Amino acid sequence: MDLNSITAVAHPTTRDQLPVWTPGDAWLAGGTWLFSEPQVHLKRLIDLTDLKWPALTISETGLSIAATCAVAQLDALACPPDWIASPLINQCCRAFLASFKIWKTATVGGNICMSLPAGPMISLTAALDGVCTIWPASGGERKVPVAEFVTGEQRNVLAPGDLLRQVDIPLAALRRRSAFRQISLTPVGRSAALLIGSLTSDGELALTVTASTKRPVRLSFAAIPSGKDLRETILQHIADDLYHTDVHGKPIWRKHMTLRLAEEIRLELQGTA
């Protein structure tokens with residue numbers, strides 16, 4: 001869609017060249033949502049592509065994902081053999097309600113910053129203990145766990161002019177056993193519930209609930225709980241009004257599926273599924 005209100009496009013190549021943020025500005029990375037509907041309030045786009053951030057960086061500490069990394073680039077990553085949680089990358093990429101054309105353009109950072117309940121890059125990075133690096137408009141940087149970055153439906157911790165630079169995933173998270181469950185109301189529809197469980201070498205279980213809830217919910221257990229304890233913990237920590245509602249699923253159904261998928265994950269990681 002043409003954005004007829006845009007009067008300027010900035011092309012910074014370094015952080016120092018980022019223009020002073022003013023009302024009517026928008027960051028441009030993939031632009032798959034930005035150009036999908038009218039944006040009459042916008043006057044200027046700040047194109048991030050010329051910053052040329054490396055899309056993916058594997059290091060001794062884990063994986064760094066640039067905010068401008070395309071979903072297709074992430075999906076194509078050849079992971080080290082000991083990253084036994086790496087199947088989650090492909091599973092979450094395929095949880096997009098999007099064509100392969102969108103994959104090549106849509107960015108990891110854009111999906112996280114949209115902060116939709118069904119954002120699969122939120123699901124992936126939150127489950128793998130991802131940490132956001134944010135460039136505040138005032139300068140410097142700050143770190144925020146992905147699980148705390150999204151605060152509600154299309155709401156997050158970014159202030160006007162703040163920029164998500166990257167998400168770092170620690171090596172320990174990539175080496176954990178994991179289990180993935182996702183369901184949609186229709187065969188290829190938007191995720192109505194997406195849960196990921198992972199097990200540390202010490203036997204601790206982390207369960208991340210997304211899509212069914214308005215924001216990510218992380219639950220931790222010192223060991224794999226019983227089915228009863230898992231259910232009671234979910235009921236205690238996820239209030240009924242935290243479940244999302246739209247045409248892709250009503251809250252009562254999303255709650256039911258959350259409980260069901262969580263139990264499937266528990267059984268899989270316990271080895272009895």
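What you see is a predicted model; the values in this text were computed from it and never measured.
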Could you go step by step and tell me if I169 and D129 meet the side-chain contact (heavy atoms from CB on, under 4.5 Å) rule?
CA-CA 6 Å; I169 297 176; D129 300 341; over 6 Å; no

Is there a side-chain contact between L242 and D240 in this structure, where contact means two heavy atoms from C-beta onward sitting under 4.5 Å apart?
no

I need the minimum non-hydrogen distance between L269 and G197, along with the two atoms involved.
CD1-C, 3.8 Å

Under 4.0 Å between a Lys/Arg side-chain N and an Asp/Glu carboxylate O for R181 and E268?
yes

Applying side-chain contact (heavy atoms from CB on, under 4.5 Å) to L128 and L88, what does each step give before you reach the verdict?
CA-CA 9 Å; L128 291 177; L88 293 175; 3.9 Å; yes

Are I84 and L74 connected in the hydrophobic side-chain network, where two residues link if heavy atoms are under 4.5 Å apart?
no

Connected via hydrophobic side-chain network under 4.5 Å: L77 and V71:
yes

CG of L235: more than 12 outside heavy atoms within 6.0 angstrom?
yes

Would you indicate whether R218, at its atom CZ, is surrounded by more than 12 heavy atoms from other residues, nucleotides or ligands within a distance under 6.0 Å?
yes

Does a salt bridge link R176 with D202, judged by any charged N lying under 4.0 Å from a carboxylate O?
no

Please confirm whether the backbone N or O of P117 pairs with a side-chain atom of E153, one donor and one acceptor, at under 3.5 Å?
no

Contact between W21 and P160 at the side-chain level, heavy atoms closer than 4.5 Å - yes or no?
yes

Does any donor atom in the side chain of S184 or T186 lie under 3.5 Å from an acceptor atom in the other side chain?
no

Classify the side-chain pair T105/T32 by whether it contains a donor and acceptor separated by less than 3.5 Å.
no

Does any part of the side chain of I134, heavy atoms only, come nearer than 4.5 Å to the side chain of V157, both counted from C-beta?
yes

Checking T49 against D47 for the side-chain hydrogen bond (donor to acceptor under 3.5 Å, both in side chains) test, could you report, in this order, the C-alpha distance in whole Å, the side-chain angles of both residues, the deciding distance, and whether it holds?
CA-CA 6 Å; T49 56; D47 192 340; 2.7 Å; yes

So that I know where these two stand, are W135 and W27 an aromatic pair - ring centroids less than 6.0 Å apart?
no

Taking NZ, NE, NH1 and NH2 as the nitrogens, is one of them in D229 or R266 under 4.0 Å from a carboxylate oxygen of the other?
no

Yes or no on side-chain contact (heavy atoms from CB on, under 4.5 Å) for C113 and T107, after CA distance, side-chain angles and deciding distance?
CA-CA 10 Å; C113 290; T107 62; over 6 Å; no

Determine whether L171 and I196 fall in the same hydrophobic cluster, where Ile, Leu, Val, Met, Phe, Trp and Tyr are linked whenever their side-chain heavy atoms lie under 4.5 Å apart.
yes

Can you see which heavy atom on D168 is nearest to which on P170, and at what distance?
O-CD, 3.9 Å

Indicate the atoms forming the closest heavy-atom contact of K104 with A70, along with that distance.
O-CB, 3.8 Å

Sidechain N-carboxylate O distance under 4.0 Å for D241, K214
no

Please report the C-alpha distance between D50 and T13 in whole Å, then the side-chain angles of each, then the deciding distance to 0.1 Å, and finally whether the side-chain hydrogen bond (donor to acceptor under 3.5 Å, both in side chains) criterion is met.
CA-CA 5 Å; D50 286 340; T13 59; over 6 Å; no

Does the side chain of L158 reach to within under 4.5 Å of the side chain of L163, using non-hydrogen atoms?
no

Rounded to the nearest 0.5 Å, how far apart are CH2 of W253 and OG1 of T258?
9.5 Å

Hey, are the side chains of I89 and C79 touching, using non-hydrogen atoms and a 4.5 Å cut-off?
yes

Check for a donor-acceptor pair, side chain of R254 on one end and backbone N or O of A211 on the other, with a separation under 3.5 Å.
yes

Side-chain heavy atoms of R215 within contact of T151, under 4.5 Å:
no

Side chains of V167 and V131 in contact at under 4.5 Å (non-hydrogen atoms)
no

Taking atom OH of Y243 and atom CD1 of I238, what is their separation to the nearest 0.5 Å?
4.0 Å

Backbone N/O of A193 and side chain of S191: donor-acceptor pair under 3.5 Å:
no

Should L195 and F221 be counted in the same cluster of Ile, Leu, Val, Met, Phe, Trp and Tyr side chains packed under 4.5 Å apart?
yes

Step-by-step side-chain contact (heavy atoms from CB on, under 4.5 Å) determination, I46 to H11:
CA-CA 6 Å; I46 304 173; H11 296 275; over 6 Å; no

Any donor-acceptor N/O pair, H256 side chain to I252 backbone, under 3.5 Å
no

From CA spacing to verdict: side-chain hydrogen bond (donor to acceptor under 3.5 Å, both in side chains), S212, K255
CA-CA 7 Å; S212 59; K255 178 180 180 180; over 6 Å; no

In short, A262 meets L207 closest at the heavy-atom pair CB-CD2, 3.9 Å

S64 side, atom OG; R165 side, atom CZ - distance, nearest 0.5 Å
8.5 Å

Lys/Arg-Asp/Glu bridge criterion (N-O < 4.0 Å) met for K43, D25:
no

CH2 on W33 to CE on M114, rounded to 0.5 Å:
5.0 Å

Of all heavy-atom pairs between L185 and H248, which one has the smallest distance, and what is that distance?
CB-O, 3.4 Å

Less than 4.5 Å apart, any side-chain heavy atom of E204 and any of L199?
no

OG1/T7 to CZ/R44 distance, rounded to the nearest 0.5 angstrom?
8.5 Å

Side-chain (N90) to main-chain (D75) donor-acceptor, under 3.5 angstrom:
yes

To the nearest 0.5 angstrom, please state how far the CG atom of L18 sits from the CG atom of L51.
6.0 Å

S198 side chain vs R177 backbone, donor-acceptor pair below 3.5 Å
no

Quick check: are there more than 12 heavy atoms from other residues, nucleotides or ligands sitting under 6.0 Å from CZ of R15?
yes

Applying the 4.5 Å side-chain criterion to the ILVMFWY set and letting contacts propagate, would L164 and V144 be lumped into a single cluster?
yes

When you look at T210 and S123, which way does the side-chain hydrogen bond (donor to acceptor under 3.5 Å, both in side chains) test go after all the steps?
CA-CA 6 Å; T210 57; S123 308; 2.7 Å; yes

For I122 and P216, which heavy atoms make the closest approach, and how far apart are they?
CG2-CG, 3.6 Å

Can a donor-acceptor pair be found, under 3.5 Å and without considering hydrogens, that links the side chain of N111 to the backbone of V108?
no

More than 12 heavy atoms of other groups within 6.0 Å of K228 NZ:
no

